[in-house]
*Asks:* 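There's a structure below that I have some questions on.
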Amino acid sequence: MSSPGTEARWWHGATLYQVYVRSFQDTNDDGYGDLNGVTARLDYLAWLGVDGIWLSPTMPSPDHDWGYDVSDYLGVHPELGTLADLDRLIGEAGQRGMRVLLDLVPNHTSSAHPWFVAASGDPASPYRDYYVWADPAPGGGPPNNWLAATGASAWTLDPRSGQYYLHNFLPSQPDLNWWEPRVHEAFREILRFWFDRGVAGFRIDVAQGLYKDAELRDDPPAPEADVVRSRFGLAQVYSANRPESHAVFRDWRKIADSYPSPRLLLGETWVGDLHALAAFHGHGDELQLTFNFPFIFAPFSAAALSAVVAETLADLPAGEVPVWTASNHDISRFPTRWCRGDEGKARLALLVLATLPGTCVLYNGDEIAMTDVDVPDALVRDLMRAETGARESRDRSRTPMPWDDSLAAGFTGAGVRPWLPGGGRSSRNVAAQRADPASTLHLCRELIALRRAEFAGQLMGYQQLAAPAGVWAYRSGGLIVVANFTDAPVSLAGVGGAGGVAGEVLIRSDRAAGAAAGFVGRWAGVILR
Ligand code: GLC
Ligand code: CA
């Protein structure tokens, strides 16, 4: 598949695909997707052409946060399958040229994890210091002003010891104490365990979180109100984002690089500052890839998106590549968030995502322009919202993959009620789009194939070209991309300076008949060479 040189950086120019396992494919009719379901759909993913998949949490968990509350880091959740099923999935994916990344949750465990059970049961327990404990504030109440992702205090009182424990998420997700060296040792073992089983890497949950301020100082008010920079009005200066976490990633990187095929560390780096994002790459010795939330939350406009891309590339250390993604299981899907359901706009977004340098990560459903599904309150399964009602349920982006237009959508057995409702019968399903060569699914597949042919294993150049307002034009590797974010067609003659840009049209995002030669249709993009 790739030469020895490109093997060492196989994620350059690659397309990864996030599988939200519980909503991908159910094989035993319990209404939940499972690992065998992913295996059953590998031929589809190979047809689509992705280089690797990231599986949402697979480890045993009480599922207060759907696997992001881990009770055993070395196992497989029985509802999803067995270790043997996972081994088989990794093997079968490998035979199809695809790598498998798991989700690793190092910021916190489940309160059901044996470490926390021991620690909370006995202040003298050897596991006590695996977690963050603090005495009440002098006048009583939580030790400081830190807030959890629910909007409530990040501290819960443990009545047995009279101390509070820290949880940046749900009370059943106690934060680990990374000042404790044994926590480091435990995670080194966890990494090796999975890498030895052939796991190609990890998506690292809450990568900015690990260390907390040793003095537990109050978080200051957030200067800006936006979702990445502010947690209910506070800037997470002390409750997360501590510089000491970088040493953890340097340590893990050494482990990742010690394998003949280097393992990949992809951070869920939830930071609003692109310099801080770049810092997670260290000097090329920390995380190889980092999710870019300022890009995700930028408005869907040429000016806003191109500005984030330019600054991201300017900030990255030499030799490092960015990640472009627009949907995941925590946020509104981009065909809804960016495109208000407009499929033409979603096709434009896919064309841009697939032609930017670095790594592209798609979320299952992106390839068919799947939109959010309204989940009625009575069916909501996301507790992060139910706690305080302070944030919207994330279930809207977690609903079952629509494989066909049957009532069960091909996701589960006929008559079985899926764990989250599907969106009803829709033409945006895999079977219908696979049968239509002009569909978004086919466009996405062509984009991925072009991306692989042009970019695989390479550190590609990117150069923005002059263009009229609302148009984003750039050279990426050997391709020229013109992306029209306006309501009117634009002429290629007006792009890129004197004489305009010209070349063979390789792909256009609008269905070919609509666009006149030499023009890019409204809300459409073209790729030229
Ligand atoms: C990450 C996950 C999210 C989870 C949180 C706590 O943001 O993506 O789903 O709730 O971390 O683990
Ligand atoms: Ca199942």
*Asks:* Please check if any side-chain donor atom of Asp487 sits under 3.5 Å from a side-chain acceptor atom of Trp523, or the reverse.
*Replies:* yes
*Asks:* Test: salt bridge (Lys or Arg N to Asp or Glu O under 4.0 Å). Region: residues 403-412. Which pairs qualify, not counting sequence neighbours?
*Replies:* none
*Asks:* Answer yes or no on whether Arg231 is positioned over the face of Phe169, meaning its NZ or CZ is under 6.0 Å from the six-membered ring centre and within 45° of the axis.
*Replies:* yes
*Asks:* Would you call the rings of Phe187 and Trp178 parallel, tilted or perpendicular if under 30° counts as parallel and over 60° as perpendicular?
*Replies:* tilted
*Asks:* Thinking salt bridges, do Asp205 and Arg203 make one under a 4.0 Å N-O criterion?
*Replies:* yes
*Asks:* Is any side-chain heavy atom of Tyr363 less than 4.5 Å from a side-chain heavy atom of Thr325?
*Replies:* no
*Asks:* Tell me whether the count of non-hydrogen atoms from other residues, nucleotides or ligands lying under 6.0 Å of OH in Tyr211 goes above 12.
*Replies:* yes
*Asks:* Sequence neighbours excluded, which residues qualify as ring pair (Phe, Tyr, Trp, His ring centres under 6.0 Å) partners of His64?
*Replies:* none
*Asks:* Taking salt bridge (Lys or Arg N to Asp or Glu O under 4.0 Å) as the cut-off, I'd like each qualifying pair that reaches into residues 80-90, sequence neighbours left out, listed once.
*Replies:* Asp87-Arg197
*Asks:* List for me each residue that meets side-chain hydrogen bond (donor to acceptor under 3.5 Å, both in side chains) alongside Arg333, sequence neighbours excluded, and say none if there are none.
*Replies:* none
*Asks:* Before you tell me yes or no, could you show the steps for Trp155 and Asn144 under side chain to side chain donor-acceptor pair (under 3.5 Å), namely the whole-Å CA-CA distance, both residues' side-chain angles and the distance that decides it to 0.1 Å?
*Replies:* CA-CA 8 Å; Trp155 298 94; Asn144 64 23; 2.7 Å; yes
*Asks:* Specify whether Trp338 and Phe334 have parallel, tilted or perpendicular ring planes, treating 30° as the upper limit for parallel and 60° as the lower limit for perpendicular.
*Replies:* tilted
*Asks:* Please report the C-alpha distance between Val271 and Phe280 in whole Å, then the side-chain angles of each, then the deciding distance to 0.1 Å, and finally whether the side chain to side chain contact (heavy atoms under 4.5 Å, CB included) criterion is met.
*Replies:* CA-CA 10 Å; Val271 295; Phe280 283 101; 4.0 Å; yes
*Asks:* Please verify the inter-ring angle class for Tyr165 with His167; under 30° counts as parallel, over 60° as perpendicular, anything in between as tilted.
*Replies:* tilted
*Asks:* Of all residues at least two apart in sequence or in a different chain, which pass the side-chain hydrogen bond (donor to acceptor under 3.5 Å, both in side chains) check with Arg417?
*Replies:* none
*Asks:* Side-chain atoms of residues 113-120: list all donor-acceptor pairs with protein atoms under 3.5 Å, sequence neighbours left out, distances to 0.1 Å.
*Replies:*
unit_1: His113; atom_1: ND1; unit_2: Trp115; atom_2: N; d: 3.0
unit_1: Ser120; atom_1: OG; unit_2: Phe116; atom_2: O; d: 2.8

*Asks:* Counting only heavy atoms from other residues, nucleotides and ligands, does the tally under 6.0 Å from CG of Asp273 exceed 12?
*Replies:* yes
*Asks:* Could I get the full list of salt bridge (charged side-chain N to carboxylate O under 4.0 Å, His left out) partners for Asp226, not counting sequence neighbours?
*Replies:* Arg229
*Asks:* Under the ring pair (Phe, Tyr, Trp, His ring centres under 6.0 Å) rule, collect the residues that match up with Phe297, sequence neighbours excluded.
*Replies:* Trp270
*Asks:* Please collect all salt bridge (Lys or Arg N to Asp or Glu O under 4.0 Å) contacts where either partner lies in residues 53-82, sequence neighbours excluded, each pair once.
*Replies:* Arg22-Asp63, Arg22-Glu79, Asp65-Arg394
*Asks:* What pairs meet the salt bridge (Lys or Arg N to Asp or Glu O under 4.0 Å) rule with one or both residues in residues 152-173, with sequence neighbours excluded?
*Replies:* Arg128-Asp158, Asp158-Arg160
*Asks:* Tell me every residue that passes salt bridge (charged side-chain N to carboxylate O under 4.0 Å, His left out) with Asp377, counting only those two or more places apart in sequence or in another chain.
*Replies:* Arg385
*Asks:* Is there side-chain contact between Leu216 and Tyr238, with at least one heavy-atom pair below 4.5 Å?
*Replies:* no
*Asks:* Residues two or more places apart in sequence or in another chain: which of them pass ring pair (Phe, Tyr, Trp, His ring centres under 6.0 Å) with Tyr44?
*Replies:* Trp403
